[in-house]
Every structure is written in structure tokens, then in C-alpha cells.
Amino acid sequence: MEPRPRSFYVLAVFFALFLLFLYGPIVTISILSFQGPQGGLTFPMNGVSTYWFHDLFRQQAVGDIWGSFRRSLALGLMVMITTVVVSVLAGMAFRKRFAGAGILFYLTIASLVIPSILISLGVGLIFSQLGFTVHWATSGFGAQLTWTLPFGLLIMFAVFNRFDKSYEEAARDQGATNWQTIRHVVLPIIAPSLIGVALFGFTLSYDEFARTLLTAGSYNTLPLEVFGMTTNVTSPVIYALGTLTTLFSFAIIGVFLLSAWVMARRRARQGSDAGKGV
Amino acid sequence: MHRARHLTGWLQAAPLALILLTFLVLPIITIVIVSFWRATEFSIIPAFVFDNYVFFFTSSVTYKVFFATFKYAAITWALTLTIGFTVAYFLAFHIRSLQLQIGLFLLCTIPFWTSNIIRMISWIPFLGRNGIANSTLISWGVIDQPLEWLLFSDFSVILAFVHLYTLFMVVPIFNTMMRIDRSLMEAARDAGASDWQTLWNVIVPLCKPGIMIGTIFVVTLVMGDFITVRFMSGSQKANVGRLISNDIALLQYPSASATAVVLLCTVLIVIAILLRFVDIRKEL
């Protein structure tokens, strides 16, 4: 191998600093969340304890954290499943170049780039004018989909752009129906990418703030609850919460990435399933 | 045959179309309608008046706030582009093993899947009056007094924007870089180009689509933001998004809607200009 040029070392340092910039703050608050009971919002550490984590579990020092966590979890799963199903269907539709595909594509892009507060405001207005009550599972759910679906669809585009059509043609030549082709050929091939779509669907919903703000109603999701805390909580308890929910996010990301990896490995090992029948 | 294809296509696209109609198109139409309504302190009244727009365009605050919005977008764009391009360049051209490449790339993208609110909060211990930055600088003897402009200032707002959104640059630029045919770079070197010349005349032009997609993301996210500016400036700075959210807090929905319509038009014009440089669907 040729020796590394000097630029490599300069850029490597730059990259390391970038990672420090990216992760430094969150590492800092996770250290500070172990402040002693008298500790403040910054260094020095005033003793080391798990006091602030216990504080989180005590009812009502600080709002309804666990209720909002459960709601965010439920909403995240709802959004995740919907995003996967709708994105896959739409991805297949776009391969057929149906009339109106162009408009729908631009609508999806618009959904991605539109300032989030417009969705929040607009959905809130519709609900109030129609006399409905906004609720995280109805208006909040729909508002979040306008954020997750574009990502889902873009991933499906990337997947189908690389999809080898000859697999489908082979299936059809063997007499497979449309549905059989999708069920036994297309879906298994794109399955690992669906994990990616699911990851986006869940995490973007779980962390969504702006589009949920006016559409969640009287029961907050976790990000709304956390934001509410920033205005009236001035103790490290908010760091403890930040640490826990970030760890939870990392765990979720880990599970998704791991399953994608396992799936890819298993496929590489098994290779063809020719002759095994369906 | 032809009809059947369209029909299946429509059926498969229907859920997406339906959701976007209900939660994107209808809300925008509603906002446009309400922007012509009148408001009292307690309620909003259907009408067709231009009061909200007249007020918006005659208020001196409007122009200041619009200027601030463009300022945030421009500075954030320049910084995220520089940092994002450098990071992507390092990953794409200096890391030789694909596994390490994927691993480091994931390391750059993981924060995207965590909470923005928490990521903003996590700057407080750094930037506060007695925070890490100030105490470090004082102990080094660089400054005598704590710097007041670190937190709750334009500085902290832009810092947070860069922190939150740089990966929107890294991902598309890295994506286009990975598709550059390496023999082009060899050819440039064989023809006597220096590293800088190769970078500027070969790599940058080929990365343009990725740069454009990243730009669209960053610019629209910053222009439409209200929460980062509110939180990181301690409510001391304003952009257009904050004007809207303040009106909403005061239940002045018609006025909020008028501002929202103007913001939407501004963002769409910016995107229309950017889209002239790139075909998004070809780049996926």
C-alpha cells in the first residue's frame, strides 16, 4: 500500500474533532447527570450520585415523564409500521410510472422541506375548525407521517433504483402471479432496506418536536415534555432524562442496525434457495 | 394492459396520496384561507381582508426578522458545507477499508436519530457563564471575564444549527463522492494536476448534486426553524418561525397564517432556484 499523504493526518484530526463536536456535549451531560444532590448545571461535580436518576422515578417532581414516554413509544411504533407499509406500496407504484406520479413525487418532497410549523399550525387549525380535539394518536400521528414518509419513500427509490428486474421476470416466466412475485421475490430481496425505513420511521417520530407541538393535544409526547421541563427545571434531573432517552435511542438504533447486519449475513450464508420450493 | 398498470399504480400510491392530501395539502389550504380572516382576542372570524398582510409588510420588525432568518441560513449553510464536505472527503477518499468507511459513516449519522431537543440542552454546560468554555479560557489566561455572548446569542444559535444539521451535508455529499470513478482522479494526476487542482476541477464539480441536496435540506430546515432559535437564544433573538409561533401562542391565528404563507413562498422560491441545479430523483 502506498504511504499515507500528509493531508490524511490533517483530515483525520479534523474528523476526530468533528466527532468530538458531535458527541462531546451529550457525553458531558451524561457525566453531569451523576452530580451529587447539591450539584448544579455545570462543572465542578459536587459529589457523585445517582440522585437525579432516582428523582426521575419519583412521582411528580417533574411532570408526567413516564406517561409521555409510553405515548411516544406507542406513537413511534404506529408511525413506524405505517411508514414501512405506505412507503413500500408507494415505492412499487412509482416503478409503474402511473399518471400523476410526478405530482405525487413533488408533493412528497414538499412535505419534507415545508417548515414544520406550517404543518403544526395547519393541522391544528383544521381540527379546531371541524370541532375535533387534537390528540397525539390522530392529528399528531398524521402530522408526523408528513415528516417520516418522505424519508421512507426516498429510501425506497434508492432501493428500487438498484433492484435487478430480471429476478421478477424470472419469477413471472416460471408462472408466478403478481402477488406471488411480490411476496416471494421482491419483498425478501428488499427486506433489509425495510429495516432502514423502519428505523427512520420510529426514531424520527420518537424525537419529533415541531410538527407535534400543536397537534399532540393535552397529552404530551416525550420531546414536548422535555422541552416543557427546560423552562421550569433548573437541576441536573433534565440531564438524567436526556441521558436515559439518548441511551434508549442508541439501543433502538443498535437493534435495527444489528438486525440488518444479521439479515445480510444470513442471506450471504444461505445464498440461493433454488430447489427448496416455496 | 396500460389501464391496468395505471390502476395498480394508483391503488399502491393511494395511501401516500391520501395522507399527504389530509395532512399537507389541506393544512396549507387552510392556512392560506385563514390568513385572510380577522381575529379578536378570543376568536377568529371568517372574512376576506388583507389586514394581516398589510400589517406584516408595513411592520419594521418583519424586515429585521427576515434579514435575521436569511443571515442564519447563509452562515449555517457556509459552515455546514465546509465541515460536511471535508468530513465526506476524508471518509470517501482517505479511508481505504469499506468496513471502516461504513462504521465511521454510521458514527456521523447516529446523532440524526436522537433527540434534537436533548442535543440542544447538552450545550448548556459548555456555553453558560460558568460553563466549560469560559472556565477553560479563564484558566488558560486567555480572558479575564467570562464571555457573555457564548450562550443566548447568535453564536449559540448558529453553533446549534451546525451541530444539528451538518450531517444533512455529509450524507448526500458522501453519497455522490462514493460514485466518482476513481480513474478520473488518476487521470487528473497523470495529466499533471496538483491535489488542489484535482479537488477543485474534478471532485467538486462531480459532487455538485450532493452539495445541492444538502443545501436544500440545511437551508429549508434553518429557514423554517423556530425552536432552535428560541431555545439557544433564550428567547432573545427572532426569526420568521418565531414570529409565527409567538402569534400562535397569542391565539392570533390569522396573523400567524399570513406570516406562514409568506415564509412558505420564500422557502419555495429558494428551493425552486436550487432545484435548477439538480435532478433529485436521478441522484438516489
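Heavy-atom basis, side chains included; hydrogens, waters and symmetry copies ignored. A, B, ... follow the sequence lines: proteins, then strands. Residue 1 opens every chain.
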Please flag which part of [X] lies under 4.5 Å from any non-hydrogen atom of chain B: side chain, backbone, both or neither.
| X | result |
| --- | --- |
| A:F151 | side chain |
| A:L32 | side chain |
| A:I238 | side chain |
| A:T108 | both |
| A:L204 | side chain |
| A:L22 | both |
| A:Y239 | side chain |
| A:A143 | backbone |
| A:L213 | side chain |
| A:E208 | neither |
| A:F250 | side chain |
| A:L112 | side chain |
| A:F209 | side chain |

Query raised in the report: At what distance, to the nearest 0.5 angstrom, does CD1 of B:I271 lie from CD1 of A:I109?
Result: 9.5 Å

Would you mind telling me which of [options] has the largest number of heavy-atom pairs within less than 4.5 Å of chain A?
| options | value |
| --- | --- |
| B:S115, B:G131, B:G241, B:P27 | B:P27 |
| B:L26, B:V87, B:T30 | B:V87 |
| B:V162, B:L221, B:I95, B:L11 | B:V162 |
| B:V25, B:I248, B:I28 | B:I248 |
| B:L268, B:V32, B:V219, B:L107 | B:L107 |
| B:A260, B:P15, B:A14 | B:A260 |

Please look at [X] and chain A and tell me whether the side chain, the backbone, both or neither of the residue comes under 4.5 angstrom of a heavy atom of that chain.
| X | answer |
| --- | --- |
| B:L20 | side chain |
| B:Y89 | side chain |
| B:S135 | neither |
| B:I132 | both |
| B:L104 | both |
| B:R230 | side chain |
| B:L16 | both |

Of the non-hydrogen atoms in [X] and [Y], which two are nearest, and what is the gap between them?
| X | Y | value |
| --- | --- | --- |
| B:R119 | B:P111 | NH1-O, 3.4 Å |
| B:L18 | B:T22 | O-OG1, 2.7 Å |
| B:L263 | B:G224 | CD2-CA, 4.5 Å |

For residues [X] and [Y], establish whether the separation of their ring centroids is below 6.0 Å.
| X | Y | value |
| --- | --- | --- |
| B:F217 | B:Y165 | no |
| A:F200 | B:W113 | yes |
| B:F174 | B:F105 | yes |

Query raised in the report: Parallel, tilted or perpendicular: which describes the rings of A:F18 and A:F15, with under 30° parallel and over 60° perpendicular?
Result: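 Tilted: the ring planes of A:F18 and A:F15 meet at 30° to 60°.
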
Query - Mutual orientation of the aromatic rings belonging to A:F21 and B:W123 [parallel < 30°, tilted 30-60°, perpendicular > 60°] - result: tilted

For chain B, which of [options] has the most heavy-atom pairs under 4.5 Å?
| options | result |
| --- | --- |
| A:L107, A:N178, A:V85, A:L214 | A:L107 |
| A:L121, A:V123, A:T28, A:V159 | A:L121 |
| A:T230, A:T246, A:L145, A:V226 | A:T230 |
| A:L241, A:T82, A:I114 | A:I114 |

Query raised in the report: A:S205 side chain to A:G201 main-chain N or O, any donor-acceptor pair under 3.5 Å?
Result: no

Query raised in the report: B:N116 side chain to B:M120 main-chain N or O, any donor-acceptor pair under 3.5 Å?
Result: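 A pair under 3.5 Å: no.
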
Requested in this report: Please check if any side-chain donor atom of A:T148 sits under 3.5 Å from a side-chain acceptor atom of A:T83, or the reverse.
Outcome: yes

Query raised in the report: What do the steps show when you test A:V186 against A:F163 for side chain to side chain contact (heavy atoms under 4.5 Å, CB included), and what is the final call?
Result: CA-CA 9 Å; A:V186 179; A:F163 190 85; 4.1 Å; yes

Report task. Establish, for the pair A:R265 and A:W261, whether the NZ or CZ atom is under 6.0 angstrom from the six-membered ring centre and no further than 45 degrees off its axis. Result -> yes

Query raised in the report: Could you go step by step and tell me if B:T266 and B:I269 meet the side chain to side chain contact (heavy atoms under 4.5 Å, CB included) rule?
Result: CA-CA 5 Å; B:T266 317; B:I269 290 170; 5.9 Å; no

Requested in this report: Just do the side chain to side chain contact (heavy atoms under 4.5 Å, CB included) check on B:R96 and A:R4 with the steps written out, would you?
Outcome: CA-CA 11 Å; B:R96 288 165 179 169; A:R4 299 281 192 190; 3.4 Å; yes

